[in-house]
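In what follows, every chain begins at residue 1, and chains take the letters A, B, ... in the order their sequences are listed. Heavy atoms only: backbone and side chains are in, while hydrogens, waters and symmetry mates are out.
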Amino acid sequence: MDLDLAEVARIVDGEMCGANVRVRGLGIPTRAEEGDLVVVKHTALLRPALLGRAAALVVRADVKHVTKPTVRVASPVQALVRLLSYSRRSRQWSDAEPGISPDARLGRNVALGADVWLAPYVVIGDNVRIADRAKICPHVVIGDDVTIGKDTLIYPMVTIYPDVHVGDRVIIHSGTVIGADGFNFEDDQGAIYKVPSTGTVIIEDDVEIGANCCADRAVYGATRIGRHSKLDNCVHIAHDVQTGERCGFAGQAAVAGDATLGDGVVLMGRAGVADSITVASKTMILAQSVVTRDTEEGQVYLGFPALPHIEQKRIWRALRDLPALLDDVRRRSGDPTTR
Amino acid sequence: MDLDLAEVARIVDGEMCGANVRVRGLGIPTRAEEGDLVVVKHTALLRPALLGRAAALVVRADVKHVTKPTVRVASPVQALVRLLSYSRRSRQWSDAEPGISPDARLGRNVALGADVWLAPYVVIGDNVRIADRAKICPHVVIGDDVTIGKDTLIYPMVTIYPDVHVGDRVIIHSGTVIGADGFNFEDDQGAIYKVPSTGTVIIEDDVEIGANCCADRAVYGATRIGRHSKLDNCVHIAHDVQTGERCGFAGQAAVAGDATLGDGVVLMGRAGVADSITVASKTMILAQSVVTRDTEEGQVYLGFPALPHIEQKRIWRALRDLPALLDDVRRRSGDPTTR
Amino acid sequence: MDLDLAEVARIVDGEMCGANVRVRGLGIPTRAEEGDLVVVKHTALLRPALLGRAAALVVRADVKHVTKPTVRVASPVQALVRLLSYSRRSRQWSDAEPGISPDARLGRNVALGADVWLAPYVVIGDNVRIADRAKICPHVVIGDDVTIGKDTLIYPMVTIYPDVHVGDRVIIHSGTVIGADGFNFEDDQGAIYKVPSTGTVIIEDDVEIGANCCADRAVYGATRIGRHSKLDNCVHIAHDVQTGERCGFAGQAAVAGDATLGDGVVLMGRAGVADSITVASKTMILAQSVVTRDTEEGQVYLGFPALPHIEQKRIWRALRDLPALLDDVRRRSGDPTTR
């Protein structure tokens, strides 16, 4: 990236204010380097961006008193996405030309849409349907009766078990496994039975799934990941889970079997949901926190077992005073132990 | 699935009571739909099943006062397994016909039993032995000197490092890695040494391992996963761990190096065991809880560091009263801070 | 392994004291068997080693009063490494002969050093450079413009996305994914944007990465794993993370986006670092603990949210007395509830 600010303004469809300086790269507000362009996504980042070494800023149109050359835009986030897309260098798997590798192995009755890419060493079962412009990267394995939607991108080394349905514009990163058997063993009077997972998994449109995730098939019906939901790496979605639309799952998050999530639920890093519970829409579960009971809409949860975050923080503050309190009580009572 | 209740009774070897209604699918007790058959595995689920929309129930023979058409059986769990197996539709990898793909690559001196399936792009090292009816799915990589037992099923994209022993009737799901090096680095007076993992891993008979798990090889001897143990997804078993028989490991559970587990130990979701400790038989470690000391047989542990669950729950109840207690003590003492 | 103690002394370059007994295997201090040789790495292990059934010991030269046949060495850890390397039996992938498999698929303009191994079903993109003696095991997929350093070993089923740089003498175990997109979605006035990860990942020299790990590419610049750092299995390194040299990450550890780690930082099992924070050099984060604020150099952290471990342990001790304290306060005040 080596542009002057007027070109930046053109790319992001914004208004230039101040000198038409040259920018050489995108910088992070808190650690920008000489010549960097910094996109200020949130007001809180404006001050560090101004104090830092950035040559110029991109800010929301209503931001005032900016002392560096600036491009003003309606949406800094959208501007950032455009600039990043512009600066992308190397050819990614998403840029692959359509075509069927002679090293791809296809089962019987496979229906391929227009402009599909099947890379080397892809293995596809019988009765699979792959829609237009889907890209199936090297070493992907797809079982019988799977459907893959249009414009979907499956990165290398993904395994999709039989019967799974993957929607349109879905992205699945490497190492992810969709449709393995649920973890469902029952002990009945001393004998262990494996409860077979006869259901499947449905990944709805516009979902993105990170690397090394798992989403297990349902015992009955389908495990479902709702439209526009986004999963980070190493996320575990157990059998029969139902998630709403626009849910987010950060790294190592996990949802246990039979749980139901509403729309817009967010699990931060390593957050969890216990089995069979219902998580109301717009619930946020903070990092490293696990909800063990049904939640209230829009509430934020923290800790294990998770409590509403305000209550949990109050407890955590009190905890830091607990040793002194205990000493104090013991001293007053003249009793060296209260136990 | 579209059966009348008399056919259901025949499949599950049970006794029909009430009308011979038609059932169209298997339902979950708490959210059955019109026409569903619901299997009542536990007494606690009887009431929701009766109140719900299920057309008919399968119940244990000694259950009384059932107000819907019913099939009575000795073991509802076994009945559920039979019904699920009956209703399974799509061809799974476990149904694959035996045969050796021309795209499988075999090393020297590989011994194959009868009716083995080696799928496309399987890579097998030297001196490997694979017993009768084992199924090795596409893209499995197996190192030198590995043995795979009879009727074992290895799903796509599994890696088995050299020397590992996998027993009979074992199931290993996609993305799992057996026999990688243990995480064992020693700092000796400033120099870092990698302690080589010269041992191996033994997966005993009737073990099932979920997707994206790891079981590392031992420094000496063998890491061992005992007979009939079952692992969910993303479970991490470190080097030199010894587990007993019939242990269970739910999603994201982890056992650190050199730990020893007795028989029938259960780790719920994301439970953990610290390194080098001994977990007594029938210990249960509840979700998100990590034991850091040797445990007592049959005891249930909770929290981090894990305590016997009754003690931990008492502490957690008290914690919710702590902020008020602290305020109270401060008010009585006339002191705004006790610190 | 079947040696007499004089041969052991020769292998480890030590001094034999006592009878020249025969040893048949390496044993763990606390559970050695008849005929075992036990290497006593730490003084604390001397007593169990002496009390156990070991035939002979390897001890540091300054250890006194050893009542079994002994080899004295300058570094027991180095002695252990030599003995383990000596006793290794089976051929590992690291022992593979150089050569290019006819089943490897190479892109345009791939530059291969001397004595490289490209195993069957390796897929390599355009403009990739692989240095001398690198070993690329079966089923590894490498994107365009990647560089792989000399003497680097990539185990089966690893995916390396385009543009990534892997240094010299790096080891990456199976199932690991380097360079997937960062988890970076922004909600701007109701619209969700994916922030593209246009940066890359740099794995510096002498890094070892376990099985089923992920290290995501940067939004800008590069995610960096510093020289001599070691990662266990299932470790998640998010986009734009910078780690120093000689860091250690035990199983299931995770570092959230934009965090910066100094040199010699250690994350024990399932430890975590919150996003965007700075972890000072030589910080140790104990197992199951997550730091949510910048840390102090050399400090040890425990719990969630992590506190300096001495403070956290004091709180945990006090917690066990909390229920009794609460009962006591209630009894004194004559009030059955303080809430």
Which one, [options], leads in non-hydrogen pairs under 4.5 Å with chain B?
{"options": "C/G248, C/P156, C/S289", "result": "C/P156"}
{"options": "C/G175, C/G251, C/S75", "result": "C/S75"}
{"options": "C/L231, C/I28, C/V81", "result": "C/V81"}

Under 4.5 Å between any side-chain heavy atoms of [X] and [Y], yes or no?
{"X": "C/V207", "Y": "C/I209", "result": "yes"}
{"X": "C/K313", "Y": "C/L302", "result": "yes"}
{"X": "B/V279", "Y": "B/V291", "result": "yes"}
{"X": "B/H239", "Y": "B/R217", "result": "no"}
{"X": "B/D258", "Y": "B/V241", "result": "no"}

Looking at [options], which makes the most heavy-atom pairs under 4.5 Å with chain C?
{"options": "B/R105, B/R314, B/R317", "value": "B/R105"}
{"options": "B/S276, B/A180, B/A274", "value": "B/A180"}
{"options": "B/L322, B/N212, B/T176", "value": "B/N212"}
{"options": "B/M157, B/H236, B/Q312", "value": "B/H236"}
{"options": "B/D145, B/V123, B/I315", "value": "B/I315"}

Side chain from CB out, backbone as N, CA, C, O: work out which of these in [X] comes under 4.5 Å of a heavy atom of chain C, or both, or neither.
{"X": "B/V158", "value": "backbone"}
{"X": "B/A254", "value": "both"}
{"X": "B/A256", "value": "neither"}
{"X": "B/I142", "value": "backbone"}
{"X": "B/S174", "value": "neither"}
{"X": "B/R270", "value": "both"}
{"X": "B/L319", "value": "both"}
{"X": "B/D103", "value": "both"}
{"X": "B/V195", "value": "both"}

Among side-chain atoms of [X] and [Y], is any donor-acceptor pair under 3.5 angstrom?
{"X": "C/R31", "Y": "B/T260", "answer": "yes"}
{"X": "B/N127", "Y": "B/D144", "answer": "no"}
{"X": "C/H173", "Y": "C/E208", "answer": "yes"}

Is it the backbone or the side chain of [X] that comes under 4.5 Å from a heavy atom of chain B, or both, or neither?
{"X": "C/Q252", "answer": "side chain"}
{"X": "C/R60", "answer": "side chain"}
{"X": "C/I171", "answer": "side chain"}
{"X": "C/A119", "answer": "neither"}
{"X": "C/A96", "answer": "neither"}

Q: Using a strict 4.0 Å threshold on nitrogen-to-oxygen distance, state whether C/R330 and B/D321 make a salt bridge.
A: yes
Q. Which residues pass the ring-ring contact (aromatic ring centres under 6.0 Å, His included) test with B/F185, sequence neighbours left out?
A. B/F183
Q: Could you pull out all residues at least two apart from B/Y121 that satisfy ring-ring contact (aromatic ring centres under 6.0 Å, His included)?
A: A/Y121, B/H139, C/Y121
Q: Would you sort out whether C/R169 and C/D206 count as a salt bridge (Lys or Arg N to Asp or Glu O under 4.0 Å), showing the intermediate values?
A: CA-CA 5 Å; C/R169 296 171 304 280; C/D206 299 293; 2.8 Å; yes
(Q) Donor-acceptor pair, distance only, cut-off 3.5 Å: does the side chain of B/T198 make one with the backbone of B/P196? (A) no
